[in-house]
Amino acid sequence: MNLTDTRAARASCGNLRAQDTGAFVELNGWVNRRRDHGGLIFLDIRDRDGLTQIVFDPSHPSFAQAERLRHEDVIRVRGRVRRRPAGTENPKLATGEIEVGIEALEVLNRSEVPPFPVNTQDDVEESLRLQYRYLDLRRPRLQRNLALRHRIVKSMRDFFDRRGFLEIETPMLIKSTPEGARDYLVPSRLHPGTFYALPQSPQLLKQILMISGFGRYMQIARCMRDEDLRADRQTEFTQVDVEMSFCSQEDVMEVMESCMRDVWKRALDRELPIVPRLTYAEALARYGSDKPDLRFGLELADVSALFMNTEFVVFASALTAGGAVLALRYPGGASLSRRDFDALTELAKMHGAKGMVWAALGSDGTKSSATKFLSEEVVAGLRSACGAQVGDAILLFADERASVFPVAGKMRLEVGQRCGLRSGDDAFCWVTDFPYLELDEESGRPVPAHHPFSAPHESDWELVESDPLSMKAQHYDLVLNGFELGSGSIRIHQAERQRKIFAMLGMSDEQVEARFGFFVRALEYGAPPHGGMALGIDRIVMLACGEENIREVIAFPKNQVGRDLMMDAPTAVPERLLADLFLRSTAPITEE
RNA sequence: GGCGCUGUAGCUCAGUUGGUUAGAGCGCCGCCCUGUCACGGCGGAGGUCGAGGGUUCGAGCCCCUUCAGCGUCGCCA
């Protein structure tokens, strides 16, 4: 670029360096901050890549214009890159060695005074951020998170492409099936009184793609479930959805683990250690959860044997009913007050505990809420069982086994949180050998723990009629830092076996035909053995970003009650639109 | 649907036992300032204390109801 050239080189606001000195450049962006010295104006212009300082000298015609610039005005500047005078460089800025001397300023658009600062990282109430999401998205945090999300998804697509997977889109308007989460429904105009459902996942469609001979499928798939939202759960979310033919469980796990290892390397530049594997039974016994947080130990200890002959009625009755007594170490917990322990007990009850016994191992002896039932031998036994030392506390829970392990597991997370153990490492793990069925609390009937298309272990087929509840599934979860990233399984690929499972679940032939007839028929035409997995991208990105809320990695998330505060959705619609769909609202209050 | 936390200026927050005219920092507006980078200095505007009701001589503060936001349980094959 020579000095007489009037065309400036388009530059980004983050990339100019000392070696660009002398270049004539054009920068487009937003006014991040203006430092007006009266006789000299410094202006930081911002785009996605960063900030560049523009200097306005009062002798330049654009100086008066620059005096009127305000936060978030959109401008185009042209000028010459120059080194900053010695001693005025800004080491905090990537572009801090240079500045651009103004030659031309064009105000492309003015901005209203923003409702919250765009040029800082300061916390702002989230509902305001959501209402003005376009401004929030300009801020560094979301710019960074969404850029990382892009890199993660890109790495995934590249990985599966190298492994021979095809990305195939599946429809958003599909058939509603009553199982699983609540469906989002879309009324059909052409077929009055009937509805499509939005996919909860492309489960059956990807299985059908295997039947169609595609062999290896993946999709970055949008999924919708009409259930209540949480910090780690949106009603609408994204999965990396994978299915492969002629594969074993090992094959799927290898592919998915390699994918995560590759993503971590390429998108985050972090190495994943070997991912440990636990069976469901182990995970529950040691951590009280099927999605254990392995960033810390504090394993649960089954101390039932220590209390076999106890006179403590609570423990004795739990044990005679076939339950268990579990001990949890609370590092440093001996310094807690009675009031602290009472609060902990309340928390445990909130998680479903019948109660909690605590023992504080002080240097001046053991204090406990059940002192007279904790002999010295028992205390010694408890200490060795959970590795507690003087200065720690031990928390004890007793109940039936189905309840006491999850309760103790939740308290383990609480203790881990309080002791600052839930931070740092990427603690992945696999959980395998899930039970095929679980008992539905309402109906008391067996329902699939995952979904009815998963295959049981081959040797468990003989239990379908005799003892279905002890069947194990060829089903595996991938867990990171206590969050379930996703589930997969080897599927049933024979129609008669699929019918057998439906029958076991209490579905009549007519029900099977109405709900899944299309799918069972597809299985009858040469369905290959197949299996797959889906991982929640929002959660993966959340954890990769170190965020504690999934909304921080989604451009336009919904709030806790499913509202889009920027668009103000959902809203009522004109009667005319409902009439087209043969619908009438029965809602008690109709907004205008 | 249950439980918990939060709601005071545009933003982030403070506000004593219930007591005069509700404050601070940032932002905003005006003036001054030629090497700043969270520029600086001087001045100014800006409040339905989420809403409604109650107790009281008197309520930002106490009570009741309600709305909104967040977290959580239920729910999420």
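In what follows, chains are A, B, ... by sequence order, proteins preceding strands, each numbered from 1. Remember, predicted model here, so these are calculated numbers, not experimental data.
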- Report yes or no: does A/Thr52 contribute a side-chain atom to a donor-acceptor pair with the main-chain N or O of A/Cys13 at less than 3.5 Å? yes
- Message: Any base atoms under 4.0 Å from A/Ser201, or only sugar-phosphate, or nothing? Heavy atoms, all strands.
- Response: base
- Query: With sugar-phosphate meaning primed atoms plus P, OP1 and OP2, does A/Leu128 contact a base, only sugar-phosphate, or nothing at under 4.0 Å between heavy atoms?
  - Reply: sugar-phosphate
- Note on the structure: Hits for salt bridge (charged side-chain N to carboxylate O under 4.0 Å, His left out) against A/Arg141, two or more places apart or cross-chain, chain-then-number order -> A/Glu547, A/Glu552
- Does A/Glu97 come within less than 4.0 Å of A/Arg83, counting only side-chain N to carboxylate O? yes
Could you list the donor-acceptor pairs under 3.5 angstrom formed by side chains in residues 111-121 of chain A, with sequence neighbours left out?
from     : atom 1 : to       : atom 2 : distance (Å)
A/Asn119 : ND2    : A/Asn32  : O      : 2.8
A/Thr120 : OG1    : A/Asp122 : N      : 3.3
A/Thr120 : OG1    : A/Arg139 : NH2    : 3.4

- Item | Of the listed nucleotides B/G27, B/U36, B/C76, the one nearest the side chain of A/Val113 | B/G27
- Query: Should B/C70 form a Watson-Crick or G-U wobble pair with both distances under 3.5 Å, which nucleotide is its partner?
  - Reply: B/G4
- Item | Under 3.5 Å donor-acceptor pair, A/Arg84 side-chain atoms to B/U36 base atoms | yes
- Note on the structure: Whole-Å distance, A/Glu346 CD to B/U72 C1', equals 15 Å
- B/A22 pairs with, by Watson-Crick or G-U criteria that keep both distances under 3.5 Å: none
- Task: Under 4.0 Å between any heavy atoms, over every strand shown, what does A/Glu89 touch: base, sugar-phosphate, or nothing? Just pick one.
- Result: base
- Task: Provide the Watson-Crick or G-U wobble partner of B/A38, both distances under 3.5 Å; none if there is no partner.
- Result: none
- Task: Write down the distance between CD (A/Glu552) and C1' (B/C70), rounded to a whole number of angstrom.
- Result: 12 Å
- Quick one: label A/Arg129 by what it contacts on the DNA or RNA (base, sugar-phosphate, nothing), any heavy atom closer than 4.0 Å. nothing
- Message: As a test of reading the structure: which of B/U36, B/C29, B/G35 is closest to the side chain of A/Leu40, going by heavy atoms?
- Response: B/G35
- Side-chain donor-acceptor contact under 3.5 Å, A/Asp340 with A/Ser337: yes
- Query: Does the side chain of A/Gln53 come under 3.5 Å of the side chain of A/Arg35 through a donor N or O and an acceptor N or O?
  - Reply: yes
- Interatomic distance where CG belongs to A/Asp36 and P belongs to B/G41 [whole Å]: 15 Å
- Query: So does A/Arg35 get a side-chain nitrogen or oxygen closer than 4.0 Å to the phosphate oxygens (OP1/OP2) of B/C39?
  - Reply: yes
- For atom CG of A/Asp122 and atom P of B/A38, their distance in whole Å: 13 Å
- Considering heavy-atom distances to RNA chain B, does A/Pro117 or A/Pro452 have its closest nucleotide positioned more toward the 5' end? A/Pro117
- Message: How many whole angstroms separate atom CD1 of A/Ile102 from atom P of B/U36?
- Response: 20 Å
- Which whole number of Å gives the distance between the C1' atom of B/A38 and that of B/C26? 10 Å
- Message: If you only use heavy atoms from C-beta on, which nucleotide in B/G27, B/U36, B/C11 is closest to the side chain of A/Val124?
- Response: B/C11
- Have a look at A/Pro85 and say if it touches a base, only the backbone sugar-phosphate, or nothing, with a 4.0 Å heavy-atom cut-off. base
Enumerate all atom pairs, one protein N or O and one N or O from nucleotides 66-69 of chain B, separated by less than 3.5 Å.
from  : atom 1 : to       : atom 2 : distance (Å)
B/G69 : OP1    : A/Asn559 : ND2    : 2.8

- Query: Side chains of A/Asp477 and A/Ser487: do they bring a donor and an acceptor to under 3.5 Å?
  - Reply: yes
- Item | Sugar-phosphate only, base, or nothing, as touched by A/His71 at under 4.0 Å among non-hydrogen atoms | sugar-phosphate
- Item | A/Arg33 vs B/C39: side-chain N/O to OP1/OP2 distance below 4.0 Å | yes
- May I ask whether A/Phe116 stacks on the base of B/C11, given the cut-offs of 5.5 Å between ring centres and 30° between planes? no
- Which whole-number value in Å describes the distance from A/Leu135 CG to B/G27 C1'? 14 Å
- Task: Show your working on ring-ring contact (aromatic ring centres under 6.0 Å, His included) between A/Phe56 and A/Phe63 and close with a plain yes or no.
- Result: CA-CA 6 Å; A/Phe56 293 81; A/Phe63 188 85; 7.3 Å; no
- Mind calculating the distance between CG (A/Leu347) and P (B/G4) to the nearest angstrom? 14 Å
- Task: With the side chain of A/Arg233 defined as its heavy atoms from C-beta on, choose the nearest nucleotide among B/C29, B/C76, B/C39.
- Result: B/C76
- Considering only the P atoms, how many Å lie between B/C32 and B/G19, rounded to the nearest integer? 45 Å
- Task: Apply ring-ring contact (aromatic ring centres under 6.0 Å, His included) to A/Phe397 and A/Phe405, showing your working.
- Result: CA-CA 9 Å; A/Phe397 308 94; A/Phe405 282 96; over 10 Å; no
- Item | salt_bridge(A/Arg138, A/Glu72) N-O dist < 4.0 Å | yes
- Closest to the side chain of A/Gln53, out of B/U36, B/G10, B/U34, is B/U36
- Separation between the P atoms of B/C67 and B/G43, rounded to whole Å: 47 Å
- B/C76 C1' sits how many Å from A/Tyr184 OH, rounded? 12 Å
- Would you tell me if any nitrogen or oxygen in the side chain of A/Lys92 comes within less than 4.0 Å of OP1 or OP2 on B/A38? yes
- Could you measure between the two C1' atoms, the one in B/C76 and the one in B/C5, and give it in whole Å? 24 Å
- Could you tell me whether A/Pro114 contacts a base, only the sugar-phosphate backbone, or nothing, with contacts defined as non-hydrogen atoms closer than 4.0 Å? nothing
- Task: Kindly state whether the pair A/His37 / B/C33 counts as stacked, where counting means centroids closer than 5.5 Å and planes tilted less than 30° apart.
- Result: no
- Task: For the residue pair A/Asp183 and A/Gln200, confirm or rule out a side-chain donor-acceptor distance under 3.5 Å.
- Result: yes
- Query: Would you say a side-chain N or O of A/Asn549 is under 4.0 Å from OP1 or OP2 of B/G71?
  - Reply: yes
- Which of residues 219-232 of chain A sit near RNA chain B, with a heavy atom under 4.0 Å from it? A/Arg225, A/Glu227, A/Asp228, A/Arg230, A/Ala231
- Note on the structure: Nearest heavy-atom contact between A/Leu229 and A/Val561 is CD1-C, 4.3 Å
- Query: Using a distance-only test with no angle check, is there a side-chain donor-acceptor pair under 3.5 angstrom linking A/Thr235 and A/Tyr184?
  - Reply: yes
- Item | Residue whose closest nucleotide on RNA chain B lies nearer the 5' end, A/Leu93 versus A/Asp123 | A/Asp123
- Message: Measuring to OP1 and OP2 of B/C29, would you say a side-chain N or O of A/Arg70 lies under 4.0 angstrom away?
- Response: yes
- Item | A/Arg295: partners by salt bridge (charged side-chain N to carboxylate O under 4.0 Å, His left out), with sequence neighbours left out | A/Asp293
- Message: Side chains of A/Arg401 and A/Ser403: any donor to acceptor distance under 3.5 Å?
- Response: no
- Message: What residues from residues 490-510 of chain A pass a heavy-atom cutoff of under 4.0 Å to RNA chain B?
- Response: none
- Message: Give me the distance, rounded to whole Å, that separates B/G15 from B/G47 when you measure between the C1' atoms they each carry.
- Response: 14 Å
- Does the side chain of A/His457 pick up a donor-acceptor pair with the side chain of A/Asp433 at under 3.5 Å? yes
